[in-house]
Amino acid sequence: MSGHDRKRDPEAPRADDQPGNFVAELVEQELAQGALPRRLMTRFPPEPNGYLHIGHAKSIALNFGLATLSKDGVCNLRFDDTNPETESTEFVESIQNDVRWLGFDWGERLYYASDYFDQLYAWAEQLIAKGLAYVDVRSEEAIREARGDFHRPGVAGPERDRSPEENLALFRKMRDGGFEEGEAVLRAKIDLASKDVKLRDPLMYRIKKVPHHRTGTKWCIYPMYDWAHGQSDAIEGVTHSICTLEFVNHHALYDWFLAALEIPEPPRQIEFGKLNLSYTVLSKRRLQRLVNEGHVRGWDDPRLATLAGLRRRGYPAEAIVAFCERIGVSRNDGVVDIGLLEHEVREHLNAHAPRRMGVVRPLKVVLENYPEGQVEQVELANHPMDPSMGTRTVPFSRELWIERDDWMDEPPKQWFRLGPGREVRLRGAAIVRCTEVVRDADGVVQELRCHWDPESKGGNAADGRKVKGTIHWLSATHAAPCEMRLYERLFADENPNAAEPDFLAALNPESLEITQGFVEPSLKDAAAGARVQLERLGYFVLDTHDSRPEHLVLNRTIGLKDGWAKIAAKL
RNA sequence: UCCGGCGUCGUUCAAGGGUAGGACAGCGGACUUUGAAUCCGCGAAUCGUGGUUCGAAUCCACGCGCCGGAACCA
């Protein structure tokens with residue numbers, strides 16, 4: 001996992017190509033100065049109420065990466081399960097699976113905020129005894145009204161002055177089920193006139209007569225985020241509690257609770273700018289709509305930026321982590337160009353994906369002068385730059401499939417693929433010239449007749465003439481049929497969140513195209529989830545759900561950069 | 001409008017008062033049995049106005065813009 005290791009000399013100047021990470025710099029400095037009160041500890045604290053997406057990956061990479069800065073640093077996985085209404089073990093499992101897939105290991109340190117419910121409760125009684133918390137029995141509306149707003153300070157009610165004894169009795173009644181939901185809450189007694197609205201006597205506990213996925217029916221009161229989070233950090237010994245910018249508004253409250261409990265050497269909250277990605281939607285609510293309303297085929301739809309979706313799409317975990325490190329960490333609230341993610345995916349796949357041939361839109365080619373029934377085996381490298389990946393053989397015969405896009409009726413001079421009378425190289429096999437075009441009644445090309453140059457075995461002309469174009473091909477009698485799922489970006493608009501009337505208006509109607517193509521027979525032996533490059537087309541992955549040897553399904557992870565498209569655009 | 005956060009190439013991240021740099025994207029070229037990859041090159045930015053200073057992206061002041069905050073969500 002050396003890729004996650006950011007360790008470097010804090011005194012050394014930053015290398016030009018190392019992205020900034022102000023949190024890592026801060027921690028490195030503290031480490032160098034011996035300023036930490038205990039061993040370095042971070043945590044990744046998801047709420048188990050949804051699937052992880054690439055925004056979470058940034059947080060995961062940050063937290064687990066920070067832990068590697070110190071030899072005994074650790075990062076905990078802690079489920080922030082304080083709201084039983086929305087949480088479930090289904091998500092607990094998918095989240096662990098996704099974090100593990102990214103390549104991170106929390107060891108034995110799997111925790112739940114619900115593990116701390118007893119301690120939290122005891123602490124709450126302590127605050128009540130100190131006169132720092134009280135039970136409020138007014139309605140939700142009444143409490144909100146009395147809290148004021150941005151321009152109006154809150155006003156205190158009579159319950160604020162109740163004695164600790166009365167509050168303790170009321171709180172125990174809450175715990176014991178003596179109140180119905182909504183009838184009472186425990187609030188911290190801070191400052192109803194604070195400019196910081198979060199400090200206007202925030203709620204610590206509310207009543208929910210709902211069973212919890214781990215504590216069952218033991219509790220009917222559940223702690224709020226602000227009351228649970230910092231205290232959970234303190235219990236575990238977390239040194240740096242990293243969260244996103246929307247929690248800046250909670251920072252003072254985070255510190256207040258720890259101070260009120262007189263926690264020595266309290267954890268420190270540090271906020272960073274979360275990831276936003278162009279052409280992508282990451283909010284839980286919007287992801288939910290896409291799934292529930294059937295705009296995609298589920299949480300792991302390859303068009304979604306969920307980790308499950310990206311995985312099924314064929315994005316390597318290493319590329320996602322590399323991306324998270326590439327974008328850096330700051331307090332800016334920016335939108336990262338999805339092209340950067342795609343770059344990291346191509347970079348990883350270019351190095352690691354074995355090459356294969358496949359056609360997405362088949363066009364039949366018959367080599368008129370190639371002997372009927374003859375088959376020869378062509379040996380091809382699995383990777384052009386990495387001989388260690390070996391070679392494979394591909395059958396070649398009289399009838400072939402080529403890519404329909406490699407044919408043009410009236411090609412411009414810049415075109416060096418196939419056209420009437422044009423010559424092209426079949427990758428690794430031979431040179432052929434188009435001699436006849438067979439069309440149907442509508443003029444649509446049905447088949448190409450080509451002349452095969454027997455003196456061009458392997459693709460080199462015996463007379464030394466240059467052939468500029470090389471295209472991929474498949475022996476029609478040997479090729480394996482394959483369902484091709486061609487994915488594009490889910491949204492056509494760079495910022496779907498700004499679309500009117502809502503983000504759904506920005507959906508790309510062509511985000512999925514399915515074709516019936518062919519691939520080399522060798523793909524029938526490939527494992528589900530295997531990633532390959534179909535030469536000249538892009539990177540593909542055997543679909544983990546639907547692909548079987550007798551019915552291959554390939555998902556296009558991402559296309560290769562298309563230099564011809566740029567030329568064509570300028571014609 | 002009150003509180004808080006943030007403003008640097010198209011995007012993202014740098015530059016402890018001293019030549020504004022990298023990556024991605026873009027553009028141009030070389031190479032190429034993947035129009036890929038690779039290699040070489042080019043263009044491109046300090047929100048504004050004042051101030052301090054020999055010197056300001058950096059310090060100060062005042063503006064402007066964007067984001068977050070008034071959940072019994074996290």
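Per chain, numbering begins at 1; letters A, B, ... match sequence-line order.
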Which part of the nucleic acid does [X] contact within heavy-atom distance under 4.0 Å: base, sugar-phosphate only, or nothing?
X	value
Leu340(A)	sugar-phosphate
Arg138(A)	base
His251(A)	nothing
Arg425(A)	base
Asp226(A)	nothing
Val467(A)	nothing
Phe247(A)	base
Lys274(A)	nothing
Ser456(A)	nothing
Thr82(A)	sugar-phosphate
Gly154(A)	nothing
Glu140(A)	base

> Only one of Arg206(A), Arg187(A), Arg160(A), Lys189(A) clears salt bridge (Lys or Arg N to Asp or Glu O under 4.0 Å) with Asp136(A); which?
Replying inline: Arg187(A)
>> Consider salt bridge (Lys or Arg N to Asp or Glu O under 4.0 Å). Of Arg427(A), Arg356(A), Arg355(A), which one does Glu535(A) pass it with?
In response: Arg427(A)
Among [options], which nucleotide has an atom closest to any side-chain atom of [X]?
X	options	result
Asp337(A)	U11(B), U12(B), C13(B)	U11(B)
Arg331(A)	G5(B), C13(B), C72(B)	G5(B)
Arg206(A)	A74(B), U12(B), C27(B)	A74(B)
Asn332(A)	A70(B), C2(B), G7(B)	G7(B)

Could you measure between the two [atom1] atoms, the one in [N] and the one in [M], and give it in whole Å?
N	M	atom1	result
A61(B)	G22(B)	P	34 Å
A25(B)	C9(B)	C1'	11 Å
C67(B)	U34(B)	C1'	45 Å
C64(B)	A70(B)	P	25 Å
U8(B)	U46(B)	C1'	4 Å
C47(B)	A15(B)	P	15 Å
C13(B)	C6(B)	C1'	15 Å
U12(B)	G7(B)	P	11 Å

When the distance from [atom1] of [X] to [atom2] of [N] is rounded to whole Å, what number comes out?
X	N	atom1	atom2	value
Glu85(A)	A74(B)	CD	C1'	13 Å
His212(A)	C73(B)	NE2	C1'	14 Å
His343(A)	U12(B)	NE2	P	17 Å
His250(A)	C73(B)	NE2	P	13 Å
Leu245(A)	A74(B)	CG	C1'	16 Å
Phe323(A)	C13(B)	CZ	P	11 Å
Ile338(A)	C24(B)	CD1	P	17 Å
Phe22(A)	C6(B)	CZ	C1'	12 Å

> Contacts to RNA chain B from residues 177-188 of chain A, heavy-atom cutoff under 4.0 Å, which residues?
Replying inline: Gly182(A), Val185(A)
Taking 4.0 angstrom as the limit, do [X] and [Y] come out as a salt bridge?
X	Y	answer
Arg78(A)	Asp115(A)	no
Lys561(A)	Glu342(A)	no
Arg138(A)	Glu145(A)	no
Lys208(A)	Glu85(A)	yes
Asp463(A)	Arg465(A)	yes

> Are the aromatic rings of Phe247(A) and Tyr225(A) close, with centres under 6.0 Å apart?
Replying inline: yes
> Is the distance between the ring centroids of Phe91(A) and Tyr51(A) less than 6.0 Å?
Replying inline: yes
Any side-chain heavy-atom pair of [X] and [Y] under 4.5 Å:
X	Y	answer
Leu245(A)	Val248(A)	yes
Tyr121(A)	Arg175(A)	yes
Leu203(A)	Trp227(A)	no
Gln414(A)	Trp564(A)	yes
Ile60(A)	Leu52(A)	yes
Arg289(A)	Val281(A)	no

Quick check on [N]: is either OP1 or OP2 less than 4.0 Å from any side-chain nitrogen or oxygen of [X]?
X	N	value
Arg147(A)	A71(B)	yes
Lys198(A)	C73(B)	no
Lys566(A)	G26(B)	yes
Arg144(A)	A71(B)	yes

>> Can you build the contact string for nucleotides 34-47 of chain B? Use B for base contact, S for sugar-phosphate-only contact, and - for no protein heavy atom under 4.0 Å.
In response: BBSS----------
> Using 30° and 60° as the class limits, which term best fits the ring planes of Tyr222(A) and His212(A): parallel, tilted or perpendicular?
Replying inline: parallel
> Which dot-bracket string describes RNA chain B (Watson-Crick N1-N3 plus N6-O4 or O6-N4, or G-U N1-O2 and O6-N3, all under 3.5 Å; [ ] crossing; | other strand)?
Replying inline: .((((((..((((....[..)))).(((((.......)))))....(((((..]....))))))))))).....
> For the side chain of Asn249(A) and the base of G68(B), is some donor closer than 3.5 Å to an acceptor across the two?
Replying inline: yes
>> Heavy-atom nearest nucleotide on RNA chain B for Asp80(A) versus Gly428(A): which residue maps closer to 5'?
In response: Gly428(A)
> Want to settle it: does Ser330(A) or Arg326(A) sit nearer the 5' end of RNA chain B, counting the closest nucleotide to each?
Replying inline: Ser330(A)
